[in-house]
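Written out below as structure tokens is the structure these notes cover.
All chains are named by letter (A, B, ...) in the order of the sequence lines, taking the proteins before the strands, and each is independently numbered beginning at 1. All of these numbers come straight from a predicted model, not from anything done at the bench.
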Amino acid sequence: MARYTRITGMNDVLFEEQRYWRYVLERIQHVTDLYGYRRIDVPVMEVTALFVRGVGEGTDIVEKEMYSFEDRDGTMVSLRPEFTAGIMRAYIENGLHVLPTPLKVWTTGPLFRHEKPQAGRYRQHSQFDVEVIGEQDAAVDVEVISVAWHLFRDLGFRDLRLEINSTGCPQCKPGYVRRLVDFFTPLADQLPEVDRMRLCKNPLRLLDSKEEATQPLLERAPHIIEHLCAECAEHFAQLRRYLDVLERPYRINYRIVRGLDYYTKTVFEIKAAGLGAQDTICGGGRYDGLIAELGGSPTPGIGFGSGIERIVLAMRQLNLPVPEEVTPQVMVCYLGETAKLTAVRLVEQLRDAGIRSVLAFGDRSLKAQLKHADRIGAAYAVILGEEEIQAGGATVRAMAQGSQAVVALNQLDSWLRMALASEASPAMA
RNA sequence: GUGACCAUAGCUCAAUUGGCAGAGCAUCUGGUUGUGGCCCAGAAGGUUGCGGGUUCGAGUCCCGCUGGUCACCCCA
């Protein structure tokens, strides 16, 4: 019989890697508490129309990457390819505008995009997502960036690159796109195939082209920063002022073009070393038109997504320390059926006393049981045999030292708690 | 969707010109009547990704497919 395998681009997260996930999640909770963000969870599925409207009809995500299907009642539904649209739907549907403004939320969970997998890119991947709804102040933009920055610093990242840009607004963006087209159209015959495609389909994409031949032309191409309307220019200036106050290093990257239609004004990316071609571990921006687009009253917003697989990948690449996996403190071993009865009861009592304990199963030899205790990293083995049972005690073996003591059963939990407390706190490695 | 490279035990990898599919690690058992790590012995573990072809004979050569990796596209 053929074996079942993972679906392309969807991965198992095994135990060694769970250490990283657990740590990243823990630091996320810490930093969101620190900055005053509340958790929100939204469904992994929404009606397809929400994403078409929210993400943008012409985007690759909507056009060819969504997992969409007809539900049993005939409505078209999709696995979420990003968080923002669903959160904005929840904001409007639940009337969250009555909460103190701005509303600052975060979430995490799986997203689905049918892309061809490569390093740091998977069809099911997880993001840490942050959204601030209801405030257009550029100080919010800086705070949102700081949440990500703070998290990455906490996780041990150095040498991060923060890159910012502005994509303007419906007032100034179309004018800039026209300038860009006007600039490249006479040069079209110098452009490679892909970039000629971009020129007609999505001119902004020319800006982040990797084509060799296009690079010198891009040097001379107009920058959007120089063609912003007064409001967007002022917003961008404010953003820079606040970043400067924080002494946060950043680079203006005229070529950041985010792929989703809804971005306005501020867009930014944070990049990490050690990741290969997909080195962006955080990307986001402002979306002041989105809520109105989805049927709410006009409300500004800003947010980012940060790929957890990429974070973990980079951490492993950079050898950043994470807490050791939690292992059992005690393994209860037994010899014979009578002792096993005591063991079954004892292991549960130890857990009641807050001691991480496991039971040896399967009536194996003591040798096999101790070997198991060693392999799973238990600090102590409690051995119950006929002799111990008769005396009302247990042999306790300290695995690291190989030393043993006989302890009365009714004192075992306090004895073990004392012994465990005197050990060193968990190491980072 | 396009391209390059790859596919042998749970994992990492051998297998000469085309000639009996192997090792290390991991798992289980034993080396003491009840004592882990090191060592020793043994067991179990495979339709060599799948399907064709060439050949007396294919893990090895040829074709197709599937899957994986990386890159493009795009994105976190």
Quiz item: Under 6.0 Å from the NE2 atom of A/His125, do we count more than 12 heavy atoms belonging to anything else shown?
Solution: yes
Quiz item: B/G68, B/G37, B/A71: which one has an atom nearest the side-chain heavy atoms of A/Asp374?
Solution: B/G37
Quiz item: Given B/U69, B/A71, B/U35, which nucleotide is nearest the side-chain atoms of A/Pro117?
Solution: B/U69
Quiz item: What's the closest nucleotide to the A/Gln278 side chain, out of B/C72, B/A76, B/G37?
Solution: B/C72
Quiz prompt | Presence of A/Arg364 side-chain N/O under 4.0 Å of B/U29 phosphate oxygens OP1/OP2 | solution = yes
Quiz prompt | Euclidean distance for C1', B/G18 against B/C74 (whole angstrom) | solution = 46 Å
Quiz item: Any side-chain N or O of A/Ser365 under 4.0 Å from OP1/OP2 of B/G30?
Solution: yes
Quiz item: CD1 of A/Ile376 versus C1' of B/A26: gap in Å, rounded?
Solution: 16 Å
Quiz prompt | Watson-Crick/G-U partner (both atom distances under 3.5 Å) of B/C11 | solution = B/G24
Practice problem: Send over the distance from A/Gln369 CD to B/G37 C1', rounded to a whole Å. | Solution: 17 Å
Self-check item: G-U wobble or Watson-Crick pairing nucleotide for B/A4 (cut-off 3.5 Å, both distances)
Solution: B/U69
Quiz item: Once you round it to whole Å, what is the distance between P of B/C73 and CZ of A/Arg113?
Solution: 16 Å
Exercise. Scan A/Cys282 against the nucleic acid and name what it touches under 4.0 Å (heavy atoms): base, sugar-phosphate only, or nothing.
Key: sugar-phosphate
Practice problem: Calculate the interatomic distance between A/Lys64 atom NZ and B/C74 atom C1'; express it in whole Å. | Solution: 7 Å
Practice problem: Considering only atom C1', compute the distance from B/C61 to B/C39 and round it to an integer number of Å. | Solution: 45 Å
Quiz item: Of the nucleotides B/C72, B/G36, B/A76, which one has an atom closest to the side chain of A/Tyr122?
Solution: B/A76
Self-check item: Any N/O donor-acceptor pair, A/Gln404 side-chain to B/U35 base, under 3.5 Å
Solution: yes
Self-check item: Watson-Crick/G-U partner (both atom distances under 3.5 Å) of B/C50
Solution: B/G64
Quiz item: Any donor-acceptor pair under 3.5 Å joining the side chain of A/Arg375 to the base of B/G36?
Solution: no
Exercise. Under 4.0 Å between any heavy atoms, over every strand shown, what does A/Ala381 touch: base, sugar-phosphate, or nothing? Just pick one.
Key: nothing
Practice problem: State whether A/Gln118 places a side-chain N or O below 4.0 Å from either non-bridging phosphate oxygen (OP1 or OP2) of B/C70. | Solution: no
Quiz prompt | Euclidean distance, atom CD of residue A/Gln401 to atom P of B/G37 [Å, nearest integer] | solution = 17 Å
Quiz item: Should A/Lys104 and A/Glu143 count as an ion pair when the cut-off is N to O under 4.0 Å?
Solution: yes
Quiz item: Across the strands shown, which category fits A/Glu386 at heavy-atom distances under 4.0 angstrom: base, sugar-phosphate, nothing?
Solution: base
Self-check item: Single hit among A/Thr167, A/Thr266, A/Asp141 for side-chain hydrogen bond (donor to acceptor under 3.5 Å, both in side chains) with A/Arg286
Solution: A/Asp141
Quiz item: Between A/Phe268 and A/Tyr250, does the ring centroid distance fall short of 6.0 Å?
Solution: no
Quiz item: Distance between the C1' atoms of B/A71 and B/U55, in whole angstroms?
Solution: 39 Å
Quiz item: Contact class for A/Ala277 vs. all strands (heavy atom < 4.0 Å): base, sugar-phosphate, or nothing?
Solution: sugar-phosphate
Quiz item: What integer distance in Å separates A/Asn11:CG from B/A76:C1'?
Solution: 15 Å
Exercise. Inspect the contact between A/Asp189 and A/Arg196 and indicate whether a charged nitrogen and a carboxylate oxygen are less than 4.0 angstrom apart.
Key: no
Quiz item: Rounded to whole angstrom units, what separation is found between the CG atom of A/Asp279 and the P atom of B/C72?
Solution: 10 Å
Exercise. Output the single nucleotide from B/G34, B/G67, B/U35 whose closest atom is nearest the side chain of A/Leu335.
Key: B/G34
Quiz item: Looking at A/Arg251 and A/Glu163, does any basic side-chain N land under 4.0 Å from a carboxylate oxygen?
Solution: yes
Quiz item: A/His125 stacking on B/A76: centroids under 5.5 Å, ring planes under 30°?
Solution: yes
Quiz prompt | Same-atom distance (C1') from B/G64 to B/A7, integer angstrom | solution = 16 Å
Exercise. Measure the spacing between CG of A/Asn410 and CD of A/Gln349 and express it to the nearest 0.5 Å.
Key: 10.0 Å
Quiz item: With under 30° as parallel and over 60° as perpendicular, where do the rings of A/Tyr35 and A/His150 fit, or are they tilted in between?
Solution: perpendicular
Self-check item: P gap between B/C5 and B/G10, integer Å
Solution: 28 Å
Quiz item: Counting any heavy atom closer than 4.0 Å, what does A/Gly284 reach on the DNA or RNA strands: base, sugar-phosphate only, or nothing?
Solution: nothing
Quiz item: What about A/Glu388, does its side chain sit under 3.5 Å from the base of B/G34 through a donor-acceptor pair?
Solution: yes
Self-check item: Partner nucleotide of B/A58 by Watson-Crick or wobble geometry (both distances under 3.5 Å)
Solution: none
Practice problem: Between B/G34, B/C73, B/G36, spot the one nearest the side chain of A/Ile383, thanks. | Solution: B/G34
Exercise. Quickly work out the A/Trp106 CH2 to B/A76 P distance and round it to whole Å.
Key: 19 Å
Quiz item: Does the side chain of A/Thr8 get closer than 4.0 angstrom to OP1 or OP2 of B/G68 through an N or O atom?
Solution: yes
Exercise. Rounded to whole angstrom, note down the C1' distance from B/G19 over to B/G31.
Key: 39 Å
Exercise. Using heavy atoms to find the nearest nucleotide of RNA chain B for A/Gly9 and A/Lys210 separately, return the residue whose nucleotide is more 5′.
Key: A/Gly9
Quiz prompt | B/G46 and B/C11, which share atom name P, separated by this distance in whole Å | solution = 12 Å
Quiz prompt | Residue A/Lys367, side-chain heavy atoms: nucleotide from B/G34, B/C70, B/G36 that is nearest | solution = B/G36
Practice problem: Go ahead and name the base partner of B/G37; Watson-Crick or wobble counts if both distances stay under 3.5 Å, otherwise write none. | Solution: none
Quiz item: Within the modelled atom types, does a donor on one side and an acceptor on the other bring the side chain of A/Arg198 and the base of B/C73 under 3.5 Å apart?
Solution: no
Quiz item: From the list B/A76, B/A71, B/G34, which nucleotide is the closest neighbour of the side chain of A/Leu366?
Solution: B/G34
Practice problem: Classify the side chain of A/Lys116 and the base of B/U2 as holding, or not holding, a donor-acceptor pair under 3.5 Å. | Solution: yes
Self-check item: Most 5' of A/Ala400 and A/Glu269 on RNA chain B, judged by nearest nucleotide
Solution: A/Ala400
Practice problem: Taking atom C1' in both B/C25 and B/C65, compute the distance separating them and give it to the nearest angstrom. | Solution: 34 Å
Practice problem: Go through A/Glu388 and A/Thr395 one step at a time and tell me if the side-chain hydrogen bond (donor to acceptor under 3.5 Å, both in side chains) criterion holds. | Solution: CA-CA 7 Å; A/Glu388 286 89 345; A/Thr395 299; 2.6 Å; yes
